[in-house]
Trainee: 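Quick one: structure below, then a few questions.
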Amino acid sequence: MSDHQDTLQNLGRRLFLRNTAMTSAAGVAGASLIGGLGGASLLSSRHAEAASANGVNIAPGELDEYYGFWSGGHSGEVRVLGVPSMRELMRIPVFNTDSATGWGITNESRRILGDSARFLNGDSHHPHISMTDGRYDGKYLFINDKANTRVARIRLDVMKTDRITTIPNVQAIHGLRLQKVPHTKYVFCNGELPIPQVNDGRDLDSPEDYWTMFNAVDAESMDVAWQVIVDGNLDNTDADYTGRFVGATCYNSEKGMTLAETMRNERDWVVVFDVEAIEAAVSAGDYKTLGDSSVPVLDGRKGSAFTRYIPVPKNPHGLNTTPDGKYFIANGKLSPTVTIIAIDKLPDLFNDNIEPRDTVVGEPELGLGPLHTTFDGRGNGYTTLFIDSQVAKWNIEDAIRHYNGEDVTYLRQKLDVHYQPGHNHASLTESRDADGKWLVVLSKFSKDRFLPVGPLRPENDQLIDISGEEMKLIHDGPTYAEPHDCILVRADQINPLKVWQRDDPFFADTVAMAKADGVNLEQESKVIRDGNKVRVYMTSIAPTFGLTEFRVKQGDEVTVVVTNLDRVEDLTHGFCVVNHGVQMEIGPQQTASVTFTADRAGVHWYYCNWFCHAMHMEMTGRMLVEPA
Ligand code: K7E
Ligand code: CUA
Ligand code: CA
């Protein structure tokens, strides 16, 4: 039997199972969504593995062709992987605190965290790389924090977070995508959970007066540029390739406060935003502000000139733009379909020449629980089916022909994945350069795929070769909670620095403080007393600190500034004060600082904790604290 026939038979079985599964999903959701793992998926997965036994092998010392940036979900971080080896190359702390680098401990990181430094957690979902003319430009990566309503920017030259903005007037930033054309001027991000406007204790018991908003953050200043109030709520989003339109799914058109209420309507919608119309209104001063915030707020509820609401089957989830710029694909979740919206019909929709559903040019049935779709640049979509534990490969133009009544098959293949996939992501899929080589499927459950590690299991990021006609499973990659999403970019599109530059803005404030103290960071180590504040400046060259002791008084507020004078690539020092919770990374040519209270008299050793030299253990010093 050919694989194609196999696919069709498999599809028949899935469709047969659909009614029961969908009934239970709609009834109680949650638990029933993860049931139904049959022996059949195990058998065919073993088969797939055998077929891929001669897959890629990146030998020791060889470099990967792609960088992958993974969100760390509720670990709050971002991880950098090499693809196709799936080797983890680095972790970038963002919304979390990090013991190794001192993120959340150092003054430099706390300045970036700002007011939100008081939060120790984050929940990052959607990492996206800045673009110029629809292509990754390798400058920044942006990511949302659902937990504390923030958006962060990571500089890809140093792979450090450099800005974090808290979005006002909304709760829980979920979907996040970037303007692709002409360049990433805006970071678009969705407030998911409706709240009273203003949220100061009024309207607690009047959900009908709760609203949420679509937000645009200026990618350079990281200020919130504007907000648009919507009906319902907002889940995922993506931008088009003209620069004018952004689409977002809404699963809660009901504005329900409970699960059952959010599933009441047969249809929810995709909201489309007209960025040009919004910008024109903001420039004309045609907006209001809310509460303490000075951000322009526009009303984009139904009937507004800024939005259109396109009905789609109930509770959609992912929203993905095809790399040819033609379509928004809304993923059905509770419906076995995805909805294809033609972007070239949107101007007519905004001119009221056509009805919202007239923009829908296809609605192929793919299987149970479609969550996200990604593209190979050859006209195919790859949609994760959460309930079926599969990825469906389907042809977009054939799905449109089928919708128009032609007798064509749009499904190309279904591949079992392990298990319950959320996002998937094909190489360069969000840009014009989508190259259809690799597909990463981020499976939420690993179950039997790895050695058991207690009740909490890793997730499973599977690498699939999509360069040929058939998808082939190549690799299982266990990951810690929870990579909702990732982005793959060609290695040549990222240009990281090898050592810090001394004028880097990342530590410019600390350099300015030294200058005000008359300290030449590159040449001297020095202690400056300023009342009960003591600033200790020291250099470091492997394997010594510029100061092997310094003396303060009990109760002093001590700021230690370390400048790593080593110019050698890869030669990082650490600075850790024992029993003080003080810890930081100082990369080659970097200046880093940390402030703490010397609250206990006595001898307190400090040491370098980045193994930097044969005499690294001896890279120590003493803080001598005189009793008050
Ligand atoms: Cu589907 Cu937050 Cu993108 Cu998770 S979201 S899967
Ligand atoms: Cu410096 Cu170890
Ligand atoms: Ca709904």
Side-chain angles (χ1 to χ4, degrees), residues 67 69 76-80 89-117 122 124 127 129-130 137-143 145 150-166 187 217-223 494-517 519-522 535-540 559-575 582-595 610:
Y67 283 98
F69 293 88
E77 65 189 7
V78 163
R79 300 168 195 150
V80 189
L89 307 176
M90 188 42 64
R91 296 179 173 199
I92 306 172
V94 186
F95 304 113
N96 54 324
T97 52
D98 181 56
S99 174
T101 58
W103 190 258
I105 298 172
T106 64
N107 294 323
E108 293 72 33
S109 62
R110 291 183 68 83
R111 260 180 228 125
I112 289 161
L113 285 155
D115 286 346
S116 75
S124 59
I129 292 174
S130 55
D137 61 24
K139 195 171 179 195
Y140 297 125
L141 181 139
F142 298 88
I143 192 158
D145 172 21
R150 293 176 287 184
V151 173
R153 183 174 77 187
I154 291 167
R155 270 175 52 194
L156 291 176
D157 60 343
V158 290
M159 306 243 178
K160 297 288 182 196
T161 306
D162 86 321
R163 294 296 295 270
I164 293 181
T165 298
T166 299
V187 179
V217 177
D218 182 294
E220 277 306 323
S221 71
M222 286 296 282
D223 294 330
I494 306 283
N495 290 297
L497 294 175
K498 295 186 167 158
V499 298
W500 287 88
Q501 293 181 317
R502 288 298 304 147
D503 59 356
D504 198 291
F506 191 75
F507 45 81
D509 286 350
T510 309
V511 169
M513 178 179 79
K515 200 171 175 200
D517 277 339
V519 174
N520 183 338
L521 286 175
E522 287 88 24
R535 291 185 284 279
V536 180
Y537 294 95
M538 66 174 92
T539 56
S540 67
T559 298
V560 176
V561 180
V562 183
T563 299
N564 180 351
L565 296 185
D566 281 298
R567 290 172 188 281
V568 182
E569 269 178 44
D570 203 6
L571 210 163
T572 296
H573 297 291
F575 178 83
V582 164
Q583 160 71 30
M584 61 186 178
E585 161 205 3
I586 316 109
Q589 294 289 303
Q590 184 183 3
T591 292
S593 73
V594 60
T595 298
W610 232 285

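Starting from 1, each residue takes its place in the sequence as its number.
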Trainee: Which heavy atom of Ile105 sits nearest a heavy atom of Gln583, and at what distance?
Mentor: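 Where Ile105 meets Gln583 most closely, the heavy atoms are CG2-O, 3.8 Å.
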Trainee: For Ala592 and Met584, work out which heavy atoms get closest and say how close.
Mentor: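 Result for this residue pair: O-CE, 3.4 Å.
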Trainee: Any chance the side chains of Thr591 and Thr563 put a donor and an acceptor closer than 3.5 Å?
Mentor: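 Per modelled atom types, Thr591 and Thr563 side chains form a pair under 3.5 Å.
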Trainee: Do you know the tightest heavy-atom contact between Gly76 and Ser124?
Mentor: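 Minimum heavy-atom contact is C-OG, 3.9 Å.
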Trainee: Among Arg163, Glu220, Arg155, find the residue that satisfies the side chain to side chain donor-acceptor pair (under 3.5 Å) test when tested with Tyr140.
Mentor: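 Of the listed residues Arg163, Glu220, Arg155, the side chain to side chain donor-acceptor pair (under 3.5 Å) partner of Tyr140 is Glu220.
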Trainee: Could you check whether any side-chain heavy atom of Pro496 comes within less than 4.5 Å of a side-chain heavy atom of Leu156, counting everything from C-beta outward?
Mentor: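 They are not in side-chain contact.
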Trainee: Do you know the tightest heavy-atom contact between Ser130 and Phe142?
Mentor: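 So the two residues come closest at CB-CE1, 4.1 Å.
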Trainee: Could you tell me whether the side chain of Trp103 and the main chain of Ser109 form a donor-acceptor pair under 3.5 Å?
Mentor: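 No, the answer is negative, given that no donor and acceptor are paired below the 3.5 Å cut-off.
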Trainee: Would you say the side chain of Arg502 lies within less than 4.5 Å of the side chain of Phe507, judging by non-hydrogen atoms?
Mentor: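 SC-SC contact between Phe507 and Arg502 confirmed.
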Trainee: To the nearest 0.5 Å, how far apart are CG in Leu571 and CG in Asn564?
Mentor: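 If we round to the nearest 0.5 Å, Leu571:CG and Asn564:CG are 6.5 Å apart.
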Trainee: Indicate yes or no for a side-chain donor-acceptor contact from Asp566 to the backbone of Val568 under 3.5 Å, with no hydrogens or angles considered.
Mentor: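 No, the answer is negative, given that no donor and acceptor are paired below the 3.5 Å cut-off.
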Trainee: Kindly indicate, with the supporting measurements, whether the criterion side chain to side chain contact (heavy atoms under 4.5 Å, CB included) is fulfilled by His573 and Val562.
Mentor: CA-CA 9 Å; His573 297 291; Val562 183; 6.0 Å; no
Trainee: For a side chain to side chain contact (heavy atoms under 4.5 Å, CB included) with Glu77, tell me which candidate from Thr161, Asn96, Ile143 qualifies.
Mentor: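 Filter result, single survivor: Asn96.
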Trainee: Working to the nearest 0.5 angstrom, can you tell me the gap between Thr572 OG1 and Gln590 CD?
Mentor: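 Rounded to the nearest 0.5 Å, the OG1-CD separation comes to 8.0 Å.
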Trainee: Taking side chain as C-beta onward, heavy atoms only, is Thr101 less than 4.5 Å from Lys160?
Mentor: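 The answer is yes, as the side chains (C-beta and beyond) meet within the 4.5 Å cut-off.
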Trainee: Looking at Asp504 and Phe506, would you say the former's side chain and the latter's main chain have a donor-acceptor pair under 3.5 Å?
Mentor: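 Side chain of Asp504 to backbone of Phe506, a donor-acceptor pair under 3.5 Å: yes, one is there.
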Trainee: Evaluate the side-chain proximity of Arg567 to Pro588: yes if any heavy-atom separation is below 4.5 Å, no if none is.
Mentor: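 When only atoms from C-beta onward are counted, Arg567 and Pro588 do not touch, as no gap falls below 4.5 Å.
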Trainee: How long is the gap from CE on Met513 to OG1 on Thr559, to the nearest 0.5 Å?
Mentor: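 Result: 5.5 Å between the selected atoms.
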Trainee: For the residue pair Leu113 and Arg150, establish whether any side-chain heavy-atom pair is separated by less than 4.5 Å.
Mentor: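 Yes, close enough: below the 4.5 Å cut-off.
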Trainee: Output the distance between atom OG1 (Thr539) and atom CD (Glu522), rounded to the nearest 0.5 Å.
Mentor: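 CD of Glu522 is found 10.5 Å from OG1 of Thr539.
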Trainee: I want to check something: taking the side chain as every heavy atom from C-beta on, are Met538 and Val560 in contact at a cut-off of under 4.5 Å?
Mentor: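 The answer is yes; the side chains approach within 4.5 Å.
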Trainee: Under the 3.5 angstrom rule, does the side chain of Arg110 hit a backbone N or O of Gly104 as a donor-acceptor pair?
Mentor: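 Present.
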Trainee: Measure the CG-CD1 distance between Leu565 and Ile586 for me, rounded to the nearest 0.5 Å.
Mentor: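 Output value for this atom pair is 11.0 Å.
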Trainee: To the nearest 0.5 Å, what is the distance between CG on Asp115 and CD1 on Ile164?
Mentor: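 It comes to 11.5 Å.
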Trainee: With side chain to side chain contact (heavy atoms under 4.5 Å, CB included) as the test, pick out the partner of Met159 among Val78, Ile494, Leu141.
Mentor: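 Considering Val78, Ile494, Leu141, a side chain to side chain contact (heavy atoms under 4.5 Å, CB included) with Met159 is found only for Ile494.
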Trainee: What are the two closest non-hydrogen atoms of Gly138 and Ile129, and how far apart are they?
Mentor: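 In this case the closest contact between Gly138 and Ile129 is N-CG2, 4.0 Å.
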